[in-house]
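Working notes, beginning with the structure itself.
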Number of protein chains: 2
Amino acid sequence: MMSDQVASLIDLFVFKHQRVLEGLPQPTLHVIDSCSNRRRFQNGDLIFKQGDSPKGVFILKSGLVKIVYTSPAGQRTLVYIYKPGDWFGYRQALTMDNNQISAIAIEKVEVDFISNDDFIKLIEEHPKFSHNLLVTLSHEFTIWVKRLSLFTRLSVKTRLAICLLILHERFKSLGQEPTVILFSRPDLADFIGVTIESTVRALSEFKAQGLVAVRGRSIRIKDTQALYDSIGEV
Amino acid sequence: MMSDQVASLIDLFVFKHQRVLEGLPQPTLHVIDSCSNRRRFQNGDLIFKQGDSPKGVFILKSGLVKIVYTSPAGQRTLVYIYKPGDWFGYRQALTMDNNQISAIAIEKVEVDFISNDDFIKLIEEHPKFSHNLLVTLSHEFTIWVKRLSLFTRLSVKTRLAICLLILHERFKSLGQEPTVILFSRPDLADFIGVTIESTVRALSEFKAQGLVAVRGRSIRIKDTQALYDSIGEV
DNA sequence: CGCCCGGTTGAAGCTCTTCAACTAGTGTGG
DNA sequence: CCACACTAGTTGAAGAGCTTCAACCGGGCG
C-alpha cells in the first residue's frame with residue numbers, strides 16, 4: 001500500500017504513458033498491433049546506443065529499461081527508468097537525429113518494436129494517435145521541470161529518498177512480493193547525480209534509521225511513508 | 001561574431017522553433033495568421049501565472065520571456081528564456097492541466113496570441129502543423145537531458161559561463177549593439193541554480209579575468225570564445 | 001527622509017567530493 | 001579447481017566548494 005502523499009510525490013516525476021493508447025479507434029489499435037513485433041533482452045543488454053541512428057519505437061511489455069546519457073567528458077546521468085506500458089525511442093524516430101542517449105535492459109525485458117517507417121505512417125494516417133502523442137510529450141515537459149528543480153539545491157539525502165521512492169514504484173510493477181529495488185550503487189549515484197561514496201553514506205544513514213533494509217544491491221524500503229516523512233518540504 | 005564552438009555549445013541548450021512553421025502549406029499559414037492577435041507587455045509583466053488555467057498559445061514577436069517554476073517550498077528555478085520566433089504555452093494548451101510555470105516579460109514584449117480552442121482546431125485540421133509540433137517537442141527532450149546533466153556535478157563557474165553564453169545569444173536577438181545581457185543577480189542565480197552570493201563571486205572572477213564587463217545589472221561578454229575556453233570539457 | 005531591495009564582500013561552517021584503503025563478490029584462464 | 005583480476009561496496013580522513021549569516025553600500029520609491 002502506498003499513501004496518497006507518496007503517490008502524488010511520485011506522480012511529479014513519472015510519465016503517464018497510458019494516454020498514448022487512450023480512446024484510440026479499434027482500427028488504429030489493430031494497425032499498431034500488426035506492425036509491432038516482440039523482442040527480448042537480458043539484464044544489461046543494450047537496446048539502443050547513444051550515437052547510433054534511431055531504428056524505431058519500443059513499447060515496454062515486461063521488465064524495466066534505464067535511459068543513460070554520457071556527456072562528452074564521460075559524466076554519466078541516469079535520465080529515466082521506463083516501466084511496462086511505457087513507450088520509448090519515439091522522440092528520436094520523430095526527429096531522426098542520432099540517439100543522444102542509450103537504453104539498457106534491467107532484468108529480463110520484453111518489448112514490442114515498431115520500425116521508424118511504420119511509426120511515421122501510423123502518425124500520418126491516425127490523427128488521434130498523433131494527438132495522443134502530442135499530449136503525452138507535453139506532459140513530459142512538466143516532469144522535466146520538476147526533475148530539474150529536484151537536482152537543484154536539494155540535499156543528497158532528500159534526492160536519494162525521492163529517487164528510492166520512484167525506484168520502488170518502478171520495481172513494484174515487476175510484480176515481486178515484497179517489492180525489492182535491485183540497483184547497483186553506481187547506477188543509483190548516476191540517478192541522483194552525486195558520487196558513489198555520497199550515495200553509500202546517505203543510504204547507510206537510512207539503514208541506521210531503520211527506513212530501508214539493504215543486502216548487496218537489493219534495497220527494500222521498509223516504510224514508504226516514513227521515508228517520505230524524512231524528506232521535509234520539497 | 002560567434003565561433004562554431006560557441007554556437008554548437010549553445011545549440012545543445014536552446015529550442016529550434018523555426019521547425020514549427022517549416023514547410024506549412026499556404027492555407028495553414030493563413031489560418032494561423034487570422035486566428036492570432038497581437039498583445040503587448042512591459043518589462044516584468046506576468047504573461048501567465050503558475051496555478052492558473054491555460055488560456056492559449058503565444059508566439060513571441062519581440063522582446064524575451066522568462067519561464068519560472070516555484071517549488072512548494074518556495075524555491076525558484078528559471079527554467080528557460082524564449083526569444084523572438086519561439087512558441088510557448090502550447091504544452092498547457094494540449095494537456096489542459098493548470099500552468100506549472102509562470103511566464104514573465106523581459107523588456108518590451110510583443111506576442112501573437114492564439115486561444116486554446118483555435119489552437120486545438122489548428123492541430124486537428126492541419127496535420128502538417130501537428131506533425132511539426134511533434135518534432136519540435138521531441139527535440140526539446142534532448143535539450144532537457146543536456147540541461148539536467150549541466151545542473152549535475154558541474155561547478156558554479158562552468159554553469160555560469162554556459163548560462164552567460166546562452167543569455168548572450170538570447171539578448172543578441174534583441175538587436176542592440178553591442179549585445180548586453182540585462183539580468184538581475186537573483187534571476188541569474190535562479191537560472192544557474194545556486195545562491196545569489198555564489199553567482200556574484202563567480203561573476204567577479206570573470207570580471208577580474210577580463211572576460212566580462214559588468215555595470216549594475218548589465219553584463220557584457222568581452223570575448224565569447226575566451227569565456228568558452230575557460231570552461232574546459234563539459 | 002527613511003525604507004527596501006539589489007549588489008557586494010567577509011567569515012564561518014557544513015556538505016559533498018576526492019583520495020586511499022580495504023573487503024567482498026564474480027568471472028576468466030591456466 | 002583455484003589463482004587472479006576486476007568490479008562493487010564500504011569506510012575514513014582531508015579538503016574544496018558552496019551556503020549561510022552578517023554587514024555594508026547605493027539607488028529608487030513611497
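Below, chains carry the letters A, B, ... as their sequence lines are ordered, and counting in each starts from 1.
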Of all the choices, C/dT8, C/dT17, C/dG7, which nucleotide is nearest to the side chain of B/Ser184 once you look at every atom? C/dG7
Quick check: are there more than 12 heavy atoms from other residues, nucleotides or ligands sitting under 6.0 Å from CZ of A/Arg38? yes
With no angle test and no hydrogens, is the base of C/dG7 tied to the side chain of B/Arg215 by a donor-acceptor pair under 3.5 Å? no
D/dT19 P sits how many Å from B/Asp190 CG, rounded? 12 Å
Reckon B/Thr195 has a side-chain N or O less than 4.0 Å from the OP1 or OP2 of D/dC18? no
Distance, rounded to the nearest Å, where B/Glu205 contributes CD and D/dA16 contributes C1': 13 Å
Distance-only donor-acceptor test (3.5 Å): side chain B/Arg185, base C/dT9: no
Closest to the A/Pro186 side chain, choosing from C/dT9, D/dT11, D/dA8: D/dA8
Please report, rounded to the nearest Å, how far the C1' atom of D/dT11 is from the CG atom of A/Leu203. 14 Å
Side-chain donor/acceptor of B/Arg201 to base of D/dT20, under 3.5 Å: yes
For the residue pair B/Tyr80 and B/Phe15, does the interplanar ring angle fall in the parallel (under 30°), tilted (30 to 60°) or perpendicular (over 60°) class? parallel
Answer yes when B/Asp187 and B/Arg76 have at least one side-chain N-carboxylate O distance shorter than 4.0 Å, and no when they do not. yes
Taking CD1 from B/Ile196 and P from C/dG6, how many angstroms apart are they, rounded to a whole number? 7 Å
Assign B/Arg217 to base, sugar-phosphate, or nothing according to its heavy-atom contacts below 4.0 angstrom with the strands shown. sugar-phosphate
Without decimals, in angstroms, what is the distance between A/Ile192 CD1 and C/dT17 P? 9 Å
Hey, are B/Arg91 and B/Asp97 close enough for a salt bridge, meaning a charged N less than 4.0 Å from a carboxylate O? no
Take the protein atom CD of B/Glu197 and the nucleotide atom C1' of C/dA12, then report the distance between them rounded to whole Å. 14 Å
Nucleotide D/dG17, atom C1' - distance to CZ of B/Arg159 in whole Å: 11 Å
Heavy-atom pair of closest approach, residues B/Leu46 and B/Ser102: CD1-CB, 4.2 Å
Short side-chain N/O contact from A/Ser198 to OP1 or OP2 of C/dT15, under 4.0 Å: no
Here the distance between atom P of D/dG17 and atom NZ of B/Lys157, to the nearest Å, is 10 Å
